[in-house]
Amino acid sequence: MEIKNIPFYSYNTIIVGTGAAGLAAAVRLYQLGQTQIALVTEGMLMGTSRNTGSDKQTYYKLTLCGSEPDSVRSMAETLFQGGCMDGDIAMAEAAGSTRAFFHLVDIGVPFPFNGNGEYIGYKTDHDPLSRGSSAGPLTSKYMTECLERQVRQLGIPVYDGYLAVKLLTEGAGEDRKAAGILALDTKCSSEESPRFAVFGAVNTIWATGGEAGMYQASVYPVSQTGGMGVLLQEGAVAKNLTESQFGIASVKFRWNLSGTFQQCIPRYLSTDPQGGDEREFLTEYFDSPEQLLNAIFLKGYQWPFDPRKTREQGSSMIDLLVYQETVLKGRRVFLDFSKNPAALEENGTVSFTRLPEVARTYLENSEALLETPIQRLARMNPSAIQVYKTHHIDLYTEYLEIAVCAQHNNGGIAGNKWWETSIRHLFAVGEVNGTHGVYRPGGSALNAGQVGAIRASQYITRNYPGEGPEKEAFFKCHEKELEKELCFAREALEESGISPLDVKEEKQQLGLRMTRYGACIRSDKGIGQALKENREQWDRFQKNHYVGNPAELKRLYQLRQLLVSQYVYLSAMKDYGERSGISRGSYLVYHGEGTLPDPRLEEVFRNRTEGADGSVIQEISYDSQKQACKVSWRPVRPIPKEDIWFENVWKRYREDRIIKNEE
């Protein structure tokens with residue numbers, strides 16, 4: 001296939017990804033007057049926003065009800081105090097939260113309000129006030145549906161079925177800028193001539209979500225792989241890649257088991273791989289039935305794994321025990337909603353006197369002091385049962401298999417306060433942007449994606465206008481990059497006399513490696529082993545990426561970018577272990593001089609949580625020529641001083657001096 005025959009599309013801005021953040025970016029650009037835009041997506045109905053949730057999926061924003069005082073700065077301080085978060089980004093997310101929230105309300109997302117019109121709220125994780133709101137288990141799904149409807153109404157082009165495989169850039173050093181992408185047309189990959197498409201653009205917004213495909217134990221939907229590796233391959237700077245969230249989730253149908261799924265007090269069971277040898281494994285690690293029941297109940301409020309909550313038989317002790325059963329012992333773990341845990345029964349009948357006061361009061365106020373977990377769940381949250389029923393899982397009769405799963409990426413591609421990355425004209429919005437620190441309030445990710453879409457769109461329309469590139473000049477400039485990618489595809493499809501690469505098996509190896517060594521339980525030794533295995537797998541891939549079947553090209557490209565991502569993530573973890581080795585956030589790092597959360601636990605859980613430093617941020621970039629990473633540390637950017645004298649701000653606004661990169 002000759003380069004000149006590749007279909008070419010030219011725009012001012014392309015948005016890669018159609019989750020809540022990507023769709024919002026397209027809408028915001030159009031509203032601000034930049035209509036020469038297009039969305040490029042692997043699949044409109046794919047991704048986390050469209051396909052995931054929890055018992056009550058939260059959206060985090062400024063308090064909009066009651067008499068409890070709140071302010072933009074107060075919310076920014078909450079975000080900033082999570083550690084390793086830049087203050088200017090915290091301020092932007094807080095200031096933009098109401099604008100983003102009410103846009104969603106106006107386009108139809110059913111957030112609840114009372115008779116006075118107040119949008120009611122509740123406390124969420126790491127939230128000192130009541131800033132959380134929710135439209136139920138499917139909040140982000142409603143967001144994508146309403147935003148997609150807007151995109152269609154505005155007539156914004158959507159290129160569906162295109163997998164971005166290469167970021168095209170121009171220039172060097174600080175002047176390097178994004179110029180568009182090469183994409184695999186997954187609908188036509190079996191035909192050579194239209195197999196690829198080139199999208200040339202003045203600006204590129206990357207909105208591909210978290211790097212979901214790296215983990216075998218994952219609550220991300222199967223349809224999401226991620227796309228960060230494409231940017232890392234081009235040297236985009238990332239930050240806080242050590243910081244991800246993990247928690248208990250179901251694995252047959254991937255869903256977070258937070259909130260009422262735990263507050264109804266289900267039974268935890270362990271079996272052998274074939275489903276035999278059934279036993280309630282938690283009881284032997286808790287000193288009393290009351291402590292066990294308290295941990296299960298609090299797991300609803302404290303869903304993300306937190307090493308600080310493993311001590312004194314806290315709620316995250318449950319995560320350790322589930323991990324111990326599944327990863328270390330090779331057993332299977334289930335939740336049973338049909339029967340009570342033995343700790344809640346006395347002489348064969350339920351005994352609510354064993355419940356801690358906070359749990360008993362909660363269930364009593366919810367009118368849910370009922371005989372079985374499923375009855376309690378049905379009273380408190382029937383929609384949670386319905387979510388599983390729509391996926392052919394009956395919680396009344398079926399055990400629910402679980403694991404401690406990767407759930408959210410708090411780190412990601414580094415950006416400034418306008419969400420522009422280290423590569424000029426490249427913006428990262430949504431989970432792919434590492435705006436979050438170590439501890440983030442639940443629901444803040446949905447807000448960050450919407451605010452990031454606003455900020456990136458504002459900057460693009462004010463600073464980077466202009467028509468998209470001409471085809472002939474563009475192809476001439478990027479001939480070497482494009483030819484290299486076409487050569488890779490030819491090598492993957494031309495008969496070479498060797499056995500084709502088993503892409504499915506290779507990806508499974510990659511995922512198992514990350515779940516075992518780079519997830520919620522880590523050690524220097526384990527990270528070293530994982531890096532060694534990753535480089536060996538990369539070398540095999542470089543020597544043989546022949547797949548023969550064109551339909552396998554999509555998975556081959558995904559494997560390539562995941563191998564790069566995994567190497568960079570593991571390198572970040574290795575550096576953090578050597579520099580600190582303190583357990584924090586949602587992961588535990590083995591520390592030989594630390595303490596075991598409980599003497600009955602295995603040695604791998606020995607750790608230290610004291611002394612974690614949230615005042616500095618780790619940044620990392622990948623050099624594809626040297627196949628090595630460069631790591632640096634810098635202080636967090638502080639929360640900006642208040643700039644609220646109206647006449648002065650108004651003057652700068654009139655003079656178009658606000659939407660600028662002042663760094």
Side-chain angles (χ1 to χ4, degrees), residues 82-83 125-126 217 242-249 256-258 262-263 265 268 270 280-329 331 333 335 341 343 356 358-359 402-408 410 438-440 442 515-524 526-527 573 576-577 580-612 614:
D125 310 330
H126 310 300
T242 54
E243 310 306 315
S244 290
Q245 279 185 195
F246 304 88
I248 292 171
N256 296 329
L257 292 169
S258 57
Q262 304 292 337
Q263 289 154 345
I265 318 292
Y268 278 76
S270 170
E280 291 190 43
F281 65 100
L282 296 181
T283 54
E284 60 191 275
Y285 293 94
F286 287 86
D287 294 337
S288 70
E290 290 77 13
Q291 286 175 299
L292 170 57
L293 297 172
N294 185 60
I296 295 174
F297 177 80
L298 289 179
K299 178 51 51 186
Y301 287 119
Q302 302 168 354
W303 178 78
F305 171 69
D306 184 342
R308 300 172 304 179
K309 295 183 175 71
T310 60
R311 307 191 187 289
E312 299 179 358
Q313 300 180 20
S315 60
S316 286
M317 179 80 160
I318 294 175
D319 301 80
L320 291 189
L321 295 173
V322 172
Y323 180 92
Q324 182 171 269
E325 291 292 305
T326 55
V327 177
L328 302 184
K329 296 183 178 181
R331 291 174 63 84
V333 174
L335 289 187
V358 62
I402 66 171
V404 183
C405 296
Q407 182 263 345
H408 189 271
N410 282 5
V438 181
Y439 301 100
R440 66 175 183 87
T515 289
R516 185 169 188 87
Y517 297 119
C520 58
I521 308 299
R522 306 172 188 174
S523 69
D524 290 346
I527 297 297
M573 294 175 193
Y576 177 79
S580 170
I582 303 297
S583 300
R584 68 181 189 185
S586 196
Y587 58 92
L588 181 155
V589 182
Y590 175 77
H591 197 298
E593 298 177 1
T595 58
L596 277 173
D598 187 283
R600 291 164 287 194
L601 288 171
E602 296 197 19
E603 176 67 16
V604 294
F605 299 128
R606 186 177 299 279
N607 74 99
R608 286 181 56 189
T609 56
E610 306 81 16

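All residue numbers refer to positions in the sequence shown, counting from 1.
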*Asks:* Does anything in residues 290-301 form a salt bridge (Lys or Arg N to Asp or Glu O under 4.0 Å)? List the pairs, not counting sequence neighbours.
*Replies:* Lys299-Asp319
*Asks:* Under 6.0 Å from the CD atom of Glu284, do we count more than 12 heavy atoms belonging to anything else shown?
*Replies:*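 Yes, CD of Glu284 has more than 12 neighbouring heavy atoms, counting only those of other groups under 6.0 Å.
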*Asks:* Using 0.5 Å steps for rounding, measure from the CG atom of Asp524 to the OH atom of Tyr576.
*Replies:*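 Here the rounded value is 11.0 Å.
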*Asks:* Does Phe286 reach the side chain of Leu321, with side-chain heavy atoms less than 4.5 Å apart?
*Replies:*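 Phe286 reaches Leu321 side chain to side chain.
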*Asks:* Assess whether side chain to side chain contact (heavy atoms under 4.5 Å, CB included) is satisfied between His408 and Asn410, documenting all intermediate values.
*Replies:* CA-CA 6 Å; His408 189 271; Asn410 282 5; 3.0 Å; yes
*Asks:* Decide whether Tyr590 and Glu603 meet the rule of one side-chain donor and one side-chain acceptor closer than 3.5 Å.
*Replies:* yes
*Asks:* Looking at CD of Glu610 and CD1 of Ile582, how far apart are the two atoms once the value is rounded to the nearest 0.5 Å?
*Replies:* 7.5 Å
*Asks:* Quick check: does any side chain N or O of Arg606 sit under 3.5 Å from a backbone N or O of Gly594, one acting as donor and the other as acceptor?
*Replies:*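 A pair under 3.5 Å: yes.
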*Asks:* Quick one: pull up CG in Asp598 and CG in Asp287 and give me the separation to the nearest 0.5 Å.
*Replies:* 7.0 Å
*Asks:* Closest heavy-atom contact between Gly585 and Pro307?
*Replies:*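 Reported closest heavy-atom pair: O-CD, 3.3 Å.
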*Asks:* Which heavy atom of Ser583 sits nearest a heavy atom of Val589, and at what distance?
*Replies:* OG-N, 2.8 Å
*Asks:* Apply side chain to side chain contact (heavy atoms under 4.5 Å, CB included) to the pair Asn294 and Val358, showing each step before the final yes or no.
*Replies:* CA-CA 8 Å; Asn294 185 60; Val358 62; 4.1 Å; yes
*Asks:* Could you work out, with salt bridge (charged side-chain N to carboxylate O under 4.0 Å, His left out) as the rule, every residue matching Glu280, not counting sequence neighbours?
*Replies:* Arg267
*Asks:* Might you point out which heavy atoms bring Pro304 and Gln245 nearest each other, and give the distance in Å?
*Replies:* CG-NE2, 4.0 Å
*Asks:* Is a donor on one side and an acceptor on the other found under 3.5 Å between the side chain of Arg522 and the backbone of Ile527?
*Replies:*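 Not a single qualifying donor-acceptor pair exists.
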*Asks:* Roughly how far apart are Asn607 CG and His591 NE2, rounded to 0.5 Å?
*Replies:* 9.0 Å
*Asks:* Is the shortest heavy-atom distance from the side chain of Val404 to the side chain of Thr326 under 4.5 Å?
*Replies:*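 SC-SC contact between Val404 and Thr326 ruled out.
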*Asks:* Glu602 side chain to Gln324 main-chain N or O, any donor-acceptor pair under 3.5 Å?
*Replies:*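 Looks like no, no N/O pair under 3.5 Å.
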*Asks:* Out of Tyr301, Trp303, Tyr439, which residue meets the ring pair (Phe, Tyr, Trp, His ring centres under 6.0 Å) rule with His126?
*Replies:* Tyr439
*Asks:* Evaluate the side-chain proximity of Thr595 to Arg311: yes if any heavy-atom separation is below 4.5 Å, no if none is.
*Replies:* yes
*Asks:* Rounded to the nearest 0.5 Å, how far apart are CD1 of Ile318 and CG of Leu292?
*Replies:*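 Ile318 CD1 to Leu292 CG: 6.5 Å, rounded to 0.5 Å.
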*Asks:* Can you establish whether the number of heavy atoms outside Glu312 located under 6.0 Å from its atom CD is more than 12?
*Replies:*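 12 or below, so no.
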*Asks:* How close do Ala249 and Asn256 get, counting heavy atoms only, and between which atoms?
*Replies:* CB-CA, 4.2 Å
*Asks:* Below 4.5 Å, heavy atoms only, C-beta onward: do Tyr268 and Glu325 meet side chain to side chain?
*Replies:* no
*Asks:* Contact between Val604 and Ser523 at the side-chain level, heavy atoms closer than 4.5 Å - yes or no?
*Replies:* no
*Asks:* Using a 3.5 Å distance criterion without hydrogens, assess whether the side chain of Thr515 forms a donor-acceptor pair with backbone atoms of Ala217.
*Replies:*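 A pair under 3.5 Å: yes.
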*Asks:* Given side chains that start at C-beta, do those of Ser270 and Leu282 come closer than 4.5 Å, heavy atoms only?
*Replies:*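 A side-chain contact is absent here, since even the closest heavy-atom pair is not under 4.5 Å.
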*Asks:* Hey, what do you get for CZ (Arg308) to OG (Ser586), rounding to the nearest 0.5 Å?
*Replies:* 10.5 Å
*Asks:* Verify, without hydrogens or angle tests, whether Ser316 (side chain) and Phe305 (backbone) share a donor-acceptor contact under 3.5 angstrom.
*Replies:*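 Judged by distance alone, no pair lies under 3.5 Å.
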*Asks:* Side chains of Thr242 and Arg584: does their closest heavy-atom pair fall under 4.5 Å?
*Replies:* yes
*Asks:* With Phe246, which residues qualify under ring-ring contact (aromatic ring centres under 6.0 Å, His included), at least two apart?
*Replies:*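 ring-ring contact (aromatic ring centres under 6.0 Å, His included) check on Phe246 returns Tyr215.
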*Asks:* Under a 3.5 Å distance rule, please check whether Arg516 uses its side chain to pair with a backbone N or O of Val327 as donor and acceptor.
*Replies:*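 Confirmed, Arg516 side chain pairs with Val327 backbone.
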*Asks:* Side chains of Leu320 and Ile521: closer than 4.5 Å at any heavy-atom pair?
*Replies:*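 In short, these two side chains touch, coming nearer than 4.5 Å.
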